[in-house]
Protein chains: 2
Amino acid sequence: MTTEAEQAANGSRNHAASHRVADYLRAAILSGEIGPGERIRQEDVAERFGASRLPVREALRILEAEGLTEHEQHKGARVPSLSMRDLSVIYQIRERLEPLALTESIPNLTQHDLRELDRLQQRIEADTGIDEFLALDREFHLMTYTGCQVDQLSMMVVRLWNSTQHYRRAFMKVSGSGRRWVINAEHRLLLDAMERRDSVDAERHLAGHIRRTRTELSRHPEVFGGATS
Amino acid sequence: MTTEAEQAANGSRNHAASHRVADYLRAAILSGEIGPGERIRQEDVAERFGASRLPVREALRILEAEGLTEHEQHKGARVPSLSMRDLSVIYQIRERLEPLALTESIPNLTQHDLRELDRLQQRIEADTGIDEFLALDREFHLMTYTGCQVDQLSMMVVRLWNSTQHYRRAFMKVSGSGRRWVINAEHRLLLDAMERRDSVDAERHLAGHIRRTRTELSRHPEVFGGATS
DNA sequence: CTATGCTAATTTGGATCCAATGTTCCCTCG
DNA sequence: CGAGGGAACATTGGATCCAAATTAGCATAG
């Protein structure tokens, strides 16, 4: 489920316990099991994970550095609530970073990768539920970056996706799936440019895709549950 | 010295011991005291810091997530060595991210900030040693982003500066200070655009400044001490 | 009945201890 | 004399224990 996340987060397989706990918590946050503002008790996680609190604490530091949790002295960890402005800027960051990652990726994509991307897009076009759509869409985009050899860049992209995951879900729920065809059209244009190995065109389509999403998001302030702090 | 680094790294003052240790280690790495490939022993740090190994371990996880250290199971932490390609891509990332941070910053800069920047640039133009130049240049650029309200963005920028600090120093040492006047001219053009609150022009100058630096860097492979892994 | 202050319980922060793994040095054997 | 193996050492990983701070609950006063 979160395979891509860790792969990009840890250069190679670093299966230390703290990382396994971090992966576990990351998955819990991404799946919505732990929502913004919600507190994370170390003991709970330790117990559920069958380990002591120590690796949990290390994991929380990792997630904090990734921006997935906030810490306050003696008050513990919680998932931060983003404001509309935060989210908007994150999308602006994505709009500049992801095209770069794409350009780095395209020359290294194999025919197999491209076929896999096509297959993913077909599954996205099949009318699925919101949660499945979110998972597939994430998988699709992150897969377009599999050719990007620079860990630091892939990592940044994955983290940006991670920290907005909850709001993407909330947005899908309030906006309905009415505009799914737009997404599909944009994905198809992107895929086409990628198959032609036309980085410039692909960058253009991707940037437009992200920009449009940001614009639509900004029209749905209710995603932030009232509190825009 | 590393004030900006922490300020951006921790949204607010999080003076937990693990963060103080992380700041300490970050400063040691940025100052060149701990160089790429060098190992960091937990006990040493703990002793030097007057604390137990536990906060040190948490600090190392933080630095790992920031990309300042690498970890291997049962082998400990070391500062990663970057390849020419890594460095080049980081500069490409900076070329896209920092103009965005600048645009976010410019409207919020006070007259006082601008005066301070001018003063900094004057100090840069005074012929200083390499280490002082590096510190001032860093301070100058990061100060241009003080108006950027989005923590996540400022944080990313600071981390990019951090992970390339050592190679910037090495580059200055091999390339000599012959081309300092180019930097000064670019800084002046950037400052002028900022004073006119012309984000577009400022972005253009900044991107050019970073691109030129990347190009010059790529002409000095000896910065990587032979090993380009 | 509400608000405030105090105490008890919960939770996080830090230190020490033990286990597991990696490293080094030396001895032996080819 | 060099290479391989093994034992002692050093270092990291994890668990438990204690201290400090926050939170929650209760009692009491207004």
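Letters A, B, ... mirror the listed sequences (proteins, then strands); counts begin at 1.
- Annotation: A:H71 is not in aromatic contact with B:H19 [ring centroid separation under 6.0 Å not met].
- Five base pairs at each end of the helix from C:dC1-D:dG30 to C:dG30-D:dC1 define two local axes, and these are offset by 10° (rounded to 10°).
- With B:R53 as the partner, the side-chain hydrogen bond (donor to acceptor under 3.5 Å, both in side chains) test is satisfied by one option alone out of B:E47, B:E58, B:Q42, B:E43: B:Q42.
- Within the 4.5 Å cutoff, the side chain of A:R48 has heavy atoms near those of the A:Y24 side chain.
- Remark: the backbone N or O of A:E66 is not paired with any side-chain donor or acceptor of A:R159 at under 3.5 angstrom.
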> Between A:R219 and A:E216, does a salt bridge (charged side-chain N to carboxylate O under 4.0 Å, His left out) hold up when you go through it step by step?
Replying inline: CA-CA 5 Å; A:R219 283 200 253 276; A:E216 290 204 10; over 6 Å; no
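- Panel note: side chain A:E38, backbone A:G35; a donor-acceptor pair is recorded below 3.5 Å.
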> How does protein reach along nucleotides 6-15 of chain D, written 5' to 3' as B (base within reach of a heavy atom under 4.0 Å), S (only sugar-phosphate), or - (no contact)?
Replying inline: -----SBBBB
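- B:R168 forms no cation-pi arrangement with B:F171, by the criterion of a distance under 6.0 Å to the ring centre and an angle within 45° of the ring axis.
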